[in-house]
Amino acid sequence: MRILLIVSGSVAAYKALELTRLLRRDGDEVMAVLTAGGARFVTKEALAAITGQRVHDDLWAAEAEIGHIRLARWPDLIAVVPASADLLAKMAHGLTDDLATCVLLATRAKVLVAPAMNPAMWAHPATQANMAALRARGVIVAGPDDGPMAEPESGPGRLMEPPALRDAIRAVLADGPLAGKHVVVTSGPTHEPIDPVRYIANRSSGKQGHAIAGALAALGAKVTLVSGPVAQPDPPGVRVVRIESARDMLAACEAALPADAAVCAAAVADWRTARAADQKLKKVPGEAPPPLDLALNPDILATLSAAGPSRPRLVVGFAAETENVVANAVTKRAKKRCDWIVANDVSGDVMGGAENAVHLVTDAGVEDWPRMAKEEVARRLAARIAEALQ
Ligand code: C5P
């Protein structure tokens with residue numbers, strides 16, 4: 001694929017070089033446009049060496065050679081990495097005072113921006129309004145990450161790391177072994193209302209489910225992520241459907257069918273209140289607390305796994321257990337009629353934590369995977385799903 005990389009002014013610009021290396025290793029052609037700000041942080045020579053192409057950094061010189069219109073038409077995707085607050089503001093307002101902004105206004109290619117700036121600049125209402133305008137126009141936003149900055153400060157504003165950016169670009173290009181395949185993923189907890197202000201929930205963070213959705217998209221799948229309330233950012237290139245209750249989650253999953261595969265990573269509440277109160281329940285002095293009358297929720301995994309014309313070819317469930325992890329997972333696989341179960345021991349810090357140690361239970365047996373980052377579990381699982389759907 002052809003990727004036009006626009007490098008704007010941020011100390012994180014050096015990561016654009018590593019991203020280029022990763023993309024070219026995958027076989028992509030990369031051409032670079034360097035803004036005046038970007039040139040303060042990486043040299044034209046470094047970008048030329050690593051892209052293997054002439055670097056364009058001047059509107060009028062480019063006009064004489066190739067022209068900004070031809071540059072705008074050349075790529076399958078424009079990736080603005082890093083995207084400074086200034087360039088994002090110019091994009092949001094359609095300004096065209098240099099080559100990068102002219103190309104961005106003239107292109108019909110997909111555009112991905114990877115913001116990088118100080119956390120206060122990122123949080124500023126002006127930047128957030130610009131981001132909302134860009135998102136509404138279909139610009140895909142990758143990141144920013146939350147973490148330490150170059151200056152002694154920490155917070156959202158860090159440029160995403162090159163491997164994650166490469167995955168985000170793959171997802172947007174829908175290019176990879178899962179191209180043409182649709183996968184439904186559930187993630188996060190569900191909230192079951194007790195009354196208008198209270199609900200039943202659980203500790204699921206959505207980290208594992210969101211990482212799986214992102215990893216599947218990075219292999220080219222069209223992904224519908226049906227998510228309960230979580231604080232995770234939307235994975236780039238993924239369609240996210242936000243729901244609250246288990247019944248809404250089931251309806252959203254069924255509406256998303258047909259799908260080639262389904263991965264049920266959500267921690268769905270087993271029970272909901274039989275009838276949620278219309279008004280806030282009140283404490284009445286001297287009266288006993290109101291009883292919580294519970295009703296069983298639909299089992300989304302079992303429903304999707306039931307035989308029928310709309311059953312995805314591969315259905316993957318999760319089993320969060322605190323004891324007899326594998327034995328319980330084997331039983332669960334049979335009971336729910338899913339194809340695979342990813343079983344994990346949640347007795348430690350797995351829920352909300354960064355790592356996971358899982359067992360993959362299939363009809364061929366049980367595989368024990370070593371403890372690894374949830375993103376890595378997601379990548380491995382996505383690769384196995386791609387193999388299974390070949
Ligand atoms: O029965 P249990 O909750 O242990 O099963 C876990 C698996 O079933 C997970 O894949 C979870 O997403 C799914 N599940 C579901 N709907 C429910 C309960 C669980 O999809 N109501």
Side-chain angles (χ1 to χ4, degrees), residues 183-193 199-213 215-216 223-230 232 240-257 259 261-274 294-308 310-312 314-347 350-352 356 358-362 366 369 374 377-378 381-382 384-385:
V183 187
V184 176
V185 179
T186 70
S187 181
T190 61
H191 283 185
E192 309 297 334
Y199 54 83
I200 301 172
N202 61 63
R203 293 184 195 282
S204 169
S205 64
K207 245 186 210 136
Q208 186 64 79
H210 275 56
I212 290 167
L216 289 162
V223 180
T224 305
L225 174 61
V226 182
S227 175
V230 294
Q232 303 295 324
V240 184
V241 182
R242 289 180 186 77
I243 53 81
E244 298 232 330
S245 71
R247 286 185 293 176
D248 294 345
M249 184 174 269
L250 176 61
C253 287
E254 287 181 325
L257 295 176
V263 181
C264 294
V268 184
D270 289 320
W271 303 284
R272 65 176 180 275
T273 48
L294 297 178
L296 194 63
N297 261 334
D299 191 311
I300 298 156
L301 176 62
T303 309
L304 294 178
S305 298
S310 59
R311 186 194 195 277
L314 180 72
V315 184
V316 183
F318 272 69
E321 303 285 351
T322 52
E323 55 185 355
N324 303 326
V325 178
V326 171
N328 283 334
V330 170
T331 316
K332 192 163 294 180
R333 178 173 168 268
K335 196 177 83 194
K336 306 232 185 187
R337 297 175 180 277
C338 59
D339 301 290
W340 299 352
I341 285 268
V342 180
N344 56 353
D345 186 340
V346 291
S347 55
V350 162
M351 276 192 131
N356 210 348
V358 307
H359 314 268
L360 181 65
V361 183
T362 70
V366 180
W369 292 5
K374 286 182 176 173
V377 171
L381 185 66
R384 292 294 293 269
I385 291 172

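Every number for a ligand or one of its atoms is a count from 1 in the order of the listing.
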What's the shortest heavy-atom distance between C338 and V315, and which atoms?
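Nearest pair, atom of C338 first, then V315: CB-O, 3.6 Å.
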Flag, side chain of S227 to backbone of G188, donor-acceptor distance under 3.5 Å:
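No: the side chain of S227 does not pair with the backbone of G188.
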With distance as the sole test, does S187 use its side chain to make a donor-acceptor pair with the main-chain N or O of G206 at under 3.5 Å?
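Indeed, once roles are kept as given, a pair shorter than 3.5 Å links the two residues.
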Listed once per pair and sorted, the side chain to side chain donor-acceptor pair (under 3.5 Å) pairs that draw on residues 240-250, sequence neighbours left out
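Only D234-R242, S245-D248 qualify under side chain to side chain donor-acceptor pair (under 3.5 Å).
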Can you name the residues that come within less than 4.0 Å of ligand 1, going by heavy atoms only?
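Residues near ligand 1: C264, A266, V268, D270, P298, D299, I300, L301, G317, F318, K332, K336.
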Does R337 pair with D299 as a salt bridge, N-O distance under 4.0 Å?
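Here R337 does not pair with D299 in a salt bridge, since their nearest N and O are not under 4.0 Å apart.
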Rounded to the nearest 0.5 Å, how far does CD of Q208 lie from CG of L381?
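Reported to 0.5 Å precision, the distance equals 8.0 Å.
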